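Treat the numbers as computed from the prediction; the structure is a model and nothing was measured.
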Amino acid sequence: MKINLIREFSSMRQLSVYFKNEKQCREFLAFQRWKGTPKCPYCGHDHIYHKCDGRYACAGCGNTFSVLVGTVFQNTKLPLIVWFKAIYLVSNSKQGISSCQLSMILGVTQKTAWFILHKIRILMKQRDDEFEDVVQGNIELRESNKGTLFWVRIPFKIHNIHPKVLKYVQPGSRIFTDYNLCAQSLFDSEYEIYKIEDPYPLYAHTRSFQSENIVDGFWLQLKRLVMGVCHFVSAAHFHRYIYEVLFRKQHARLPNSKRFYKLMNRIEQAIPYKVVRPR
């Protein structure tokens, strides 16, 4: 069966019509991963036999596997349509969605919905291959009680801010930052630093060179997600909520189906339970 990967849909109903049964979900997943040429997730061999039960057998290592092996759906007991609906909802919810709300929509327990949500948030993590090697121009660097955040990338820690800036920011760029100790190591570098104690002049400067205040908009969305939707988050998982808001901010102008496919392109990573909820 030929799967139209670029088919667009803008509602949950259209998604359910497109992926109407488990067989079609698996066919789409196989096309998404292998583009018609299955490969063994254990040895990478492409000489694969199709079994009558829908699984595959590798001629190289002899292992039998399904299309779910080596993906975020590995060892799942839920139908794939439940995962697809969850990915669609999380990627297209403007203010985010809580595990309690997701459990009611999908018809699963709150614990299962929480597990699904955090797996999807891990998929939302920004990858280095999605960005240019370096950024340049006017860069805003901000600090919060959760650590320093560089809006183009993932959070910084105070002790490694200098190497991160040297890696991702082109020399000669203008870095706007409030008065904090983590920027002290940049004073003697080749960057032009603007050190401002009062945050309000900083806001005026950032608005002068950006069409929108990206960093302030990010923190506003993060606060709405944490305090208005989830109400409570663990410090051990806080970074995943940052991944979610960054993903939504970065792909805000994409249509609903494009955001869904964006996450589906990242599914080839097995995420065991101990990674989602470490002890």
Value rounded to 0.5 Å, distance of [atom1] in [X] from [atom2] in [Y]:
X: R33; Y: K39; atom1: CZ; atom2: NZ; result: 11.0 Å
X: L29; Y: F19; atom1: CG; atom2: CZ; result: 9.5 Å
X: K262; Y: H251; atom1: NZ; atom2: NE2; result: 4.5 Å
X: Y241; Y: C230; atom1: OH; atom2: SG; result: 5.0 Å
X: H118; Y: I120; atom1: NE2; atom2: CD1; result: 10.5 Å
X: Q269; Y: K125; atom1: CD; atom2: NZ; result: 9.5 Å

Hey, is the main chain of [Y] close enough, under 3.5 Å, to the side chain of [X] for a donor-acceptor pair?
X: Q95; Y: V229; value: no
X: T112; Y: V108; value: no
X: K51; Y: A57; value: no
X: R266; Y: L123; value: yes
X: R259; Y: Y88; value: no
X: Q101; Y: I97; value: no

May I ask whether [X] and [Y] are part of the same hydrophobic cluster, defined by side-chain heavy atoms of I, L, V, M, F, W, Y residues being less than 4.5 angstrom apart, directly or through others?
X: I122; Y: Y273; value: yes
X: V245; Y: L254; value: no
X: I116; Y: M104; value: no

With a 4.5 Å heavy-atom cut-off, do [X] and [Y] have their side chains touching?
X: C40; Y: C61; result: yes
X: Q14; Y: S10; result: yes
X: L246; Y: Q250; result: no
X: R277; Y: W114; result: yes

If you compare all heavy atoms of [X] against all heavy atoms of [Y], which two are closest, and at what distance to 0.1 Å?
X: L263; Y: M124; answer: CD2-CG, 3.8 Å
X: F84; Y: L15; answer: O-CD2, 3.9 Å
X: G96; Y: E244; answer: CA-OE2, 3.7 Å
X: M227; Y: H231; answer: O-ND1, 3.0 Å
X: L80; Y: C25; answer: CB-CB, 3.7 Å
X: P41; Y: V69; answer: CG-CG1, 3.7 Å

Problem - Residues in side chain to side chain contact (heavy atoms under 4.5 Å, CB included) contact with P79, at least two apart in sequence or another chain - result: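 If we apply the side chain to side chain contact (heavy atoms under 4.5 Å, CB included) test to P79, skipping adjacent residues, the hits are E22, I81, V82.
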Exercise for the section: Could you list the residues that satisfy side chain to side chain contact (heavy atoms under 4.5 Å, CB included) with C100, not counting sequence neighbours? Expected result: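 Partners of C100 by the side chain to side chain contact (heavy atoms under 4.5 Å, CB included) criterion, ordered by chain and then number, come out as S98, Q110.
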Would you give me the side-chain donor-acceptor pairs under 3.5 Å for residues 70-78, sequence neighbours excluded?
{"unit_1": "T71", "atom_1": "OG1", "unit_2": "L68", "atom_2": "O", "d": "2.6"}
{"unit_1": "T71", "atom_1": "OG1", "unit_2": "F73", "atom_2": "N", "d": "3.2"}
{"unit_1": "Q74", "atom_1": "OE1", "unit_2": "G70", "atom_2": "N", "d": "2.6"}
{"unit_1": "T76", "atom_1": "OG1", "unit_2": "L78", "atom_2": "N", "d": "3.2"}
{"unit_1": "T76", "atom_1": "OG1", "unit_2": "W83", "atom_2": "NE1", "d": "2.8"}

Mind checking ring pair (Phe, Tyr, Trp, His ring centres under 6.0 Å) for [X] and listing every partner two or more places apart, or none if nothing turns up?
X: F232; answer: none
X: F65; answer: Y56
X: Y49; answer: H47

Practice task
Please find out if less than 6.0 Å separates the ring center of Y243 from that of H237.
Solution key: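 No, they do not, as the ring centres are separated by 6.0 Å or more.
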Handout entry: Qualifying residue, where the test is side chain to side chain contact (heavy atoms under 4.5 Å, CB included) with L117 and the options are V276, L89, V90
Key =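 Of all the options given, the one that passes is V90.
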Exercise for the section: Given side-chain contact (heavy atoms from CB on, under 4.5 Å), test F247 with R121 step by step and report yes or no. Expected result: CA-CA 9 Å; F247 176 87; R121 287 175 179 137; over 6 Å; no
